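In this text, all values refer to a predicted model and were calculated from it rather than measured experimentally. To find a chain, count down the sequence lines: A is the first, B the second, and so on, and within it residues start at 1.
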Amino acid sequence: MVGKNVNYSFETMHLEASKSITPPRVKMEAKGVDVYYGDKQALEKVDLPVPLNRVTALIGPSGCGKSTFLKCLNRMNDTVVGCRVTGSITLDEEDIHSPTVDVVQLRARVGMVFQKPNPFPKSIYDNIAYGPRIHGMTRDRTELDQIVEESLARAGLWNEVKERLQEPGTSLSGGQQQRLCIARAIAVNPEVVLMDEPCSALDPIATARIEELIDELCNKYTIIIVTHSMQQAARVSHYTGFFHMGELVEYDHTEAIFTNPQQERTKGYVTGRFG
Amino acid sequence: MNHKNETPEQRKYLAKRHAASRRFRWYGIMGLGIALMTLFFLLGTMVLKGYSSFFQTQIQLTVSFDKTVIDPLGDQSAESLARGDYRAILGNALKRVFPEIKSRDDRRQLSKILSDGASFQLQDLLVSHPEWVSTSQTVWLIASDNVDMWVKKVVDHDLPESQRRISDLQAKWLAFLETNNQLRLRFNAMFFTSGDSRNPEMAGILGAMKGSALTLLITFLVSFPLGVASAVYLEEFAAKGRWADFIEVNINNLAAVPSIVFGLLGLALYLNLMHLPRSAPLVGGLTLAMMTLPTLVIATRASLKSVPDPIRDGARALGASPLQVVLHHVLPLAAPGMLTGTIISMARALGETAPLLMIGMVAFIMDIPGGVLDPSTVLPVQIFLWADSPERAFLEKTSGATLILLAFLITMNALAVYIRNRVERRW
């Protein structure tokens, strides 16, 4: 493929532009990832490192493969009929496709928030408690209560719902539902949180709250966010990868992507000439 | 849109569109109206024809229980009482009411106003009241079916004598009994407490009701777990592909197979091969289970399909195992639809006759089944048998049994709606 400019090591990046001084450790890394849906190739030779405790944004026009890539990271593609993933994806230097990795355990470590808020049709409490329950993370009710409160508080939802934990999660507003889903994802204490266009179904105010939240959460979690909005990518992320036609065109510090893109296609996209 | 720029053609077209929607609305209302009218007509005729089967004509007689006649062995044992000549006692009792009747022919006519079951009634009374031996008691006895029809005015009283089953003489006697308050219409408890009989006035529905209940229980126990498990496997676990398509096509075809074919299969499989008892609810239930399975699988799959995928994804992304996804999220959400599908298939099984004819449940069975291996019949077959009987009195029994069957169905559906609402409330 022509004109790829993907840096494998963070040290060579413009660290002075980063919000952090120390070079971050790589949490997850994709190397030569190809994804096929049947005969159709959706991703081609994607190499992308995901830095620890940073927000990595994946941008690109619709159908460019960014969501497909995201789903590879917690193997949500496993159940898609005809989907085939090759290449290596590592989490803490361990291949997530290796037979020693249990997909159930992997998803506990790599949580996911979806495009449309999808709270379970259960109470707010049960929505949060579901993950800890199935993973047997708590010994008694008080511990579980604590996790629920902590997760909701971290997702900035506690004060809004503490009086009505037994009400259905679906009774919340769209933005609250999405924060509920974030709280649900972090309740199992994941290391990485994948977010697939988490704000595309929300109004600007709710979007702003989620973005604030992402900013706070990256202290504790490694976050990868797929977004359609370049402004959002610029606002929340430290690193940005630009996908186009199934390939990763450019990956760099967010600032570099938006102010000094190396590739013509990236330039065209971020300046709004196509996409 | 600017109304001033509207051309007459546009306006005309708009009016046409509105007229079309109005017409469509009316088609719907008319269709519903016709359906409702048919339903009311059906229910109305059933109730009008059938309600009288819940009542029975009884005749009051003073019977003297002569010990020598009813207790030939003299020890008042059940065996001895069973040998008693109750017809003679009844004849004497009737003679006391109508002393003027002397000729043999008239006497025979007179005895015919009582049911054949009256002597069994007396015997039963004696068994429960042993102290009545050698005394005189006033008891109400069942009238014959012809008298019953006459009293209920099911037969036209103005018909010429040759065309009715009650002679002028009998009619006169009945009128006499009525003026003496020795004739009454009472709730027909026997209809609900006994099995089938050749005598309409003694025929009851309990045997068929119990047979239906037992059959349906077997059908449910077999088809529900099997159907749900197959549907869950096919929908949630099985790999989609040529095999899944092949199985799906076959299930759809099975659902369209005429029920009598399942009867033949049941006959070959359960009776000829496995030698299970003929006419038993067990075999009936197993046969109906085969018939309901495809429908149940289709209904369950449809309700599983209606569970939105984001729910599955949400659970999967939290690290739920495939089984946990199904048990914790998909099944609870699909439960209302599954229940509806189950109840509809059960209702269909309850009304099914053809496959049961094949496995011998059409036999005339007087005993009430005590278990799933006892020979029995079911409600729709009982209706069929009674509808086939020549006696006039079986006509109302047929309608009465149909009412019971409908009540069964309505109860089941109401239960389904209730359970569904309960389940749904917990989202």
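- Side-chain atoms of Arg184(A) and Leu318(B), non-hydrogen and from C-beta on, do get closer than 4.5 Å to each other.
- Here the side chain of Asn118(A) pairs no donor or acceptor atom with the backbone of Ile311(B) at under 3.5 angstrom.
- Looking at Pro117(A), there are no atoms closer than 4.5 Å to chain B (heavy atoms on both sides), in backbone or side chain.
- Between the side chain of His328(B) and the main chain of Ile134(A), no donor-acceptor pair closer than 3.5 Å is present.
- The shortest heavy-atom contact between Val104(A) and Gly319(B) is CG1-O, 3.0 Å.
- Summarising the geometry of Tyr130(A) relative to Ala315(B), their closest heavy-atom pair is CE2-CB, 4.5 Å, with the distance given to 0.1 Å.
- Contacts of Val110(A) with chain B are made by backbone atoms alone, with heavy-atom separations under 4.5 Å and no side-chain atom involved.
- Within 6.0 Å of CZ on Phe237(B) lie more than 12 heavy atoms contributed by other residues, nucleotides or ligands.
- Annotation: side chain of His329(B) is in contact with side chain of Lys122(A) (closest heavy-atom distance under 4.5 Å).
- In this structure, the portions of Phe120(A) lying under 4.5 Å from any heavy atom of chain B include both its backbone and its side chain.
- Atom OG of Ser321(B) is separated from atom CZ of Arg107(A) by 10.5 Å, given to the nearest 0.5 angstrom.
- Note that the CZ atom of Arg316(B) and the CZ atom of Arg75(A) stand 13.0 Å from one another [nearest 0.5 Å].
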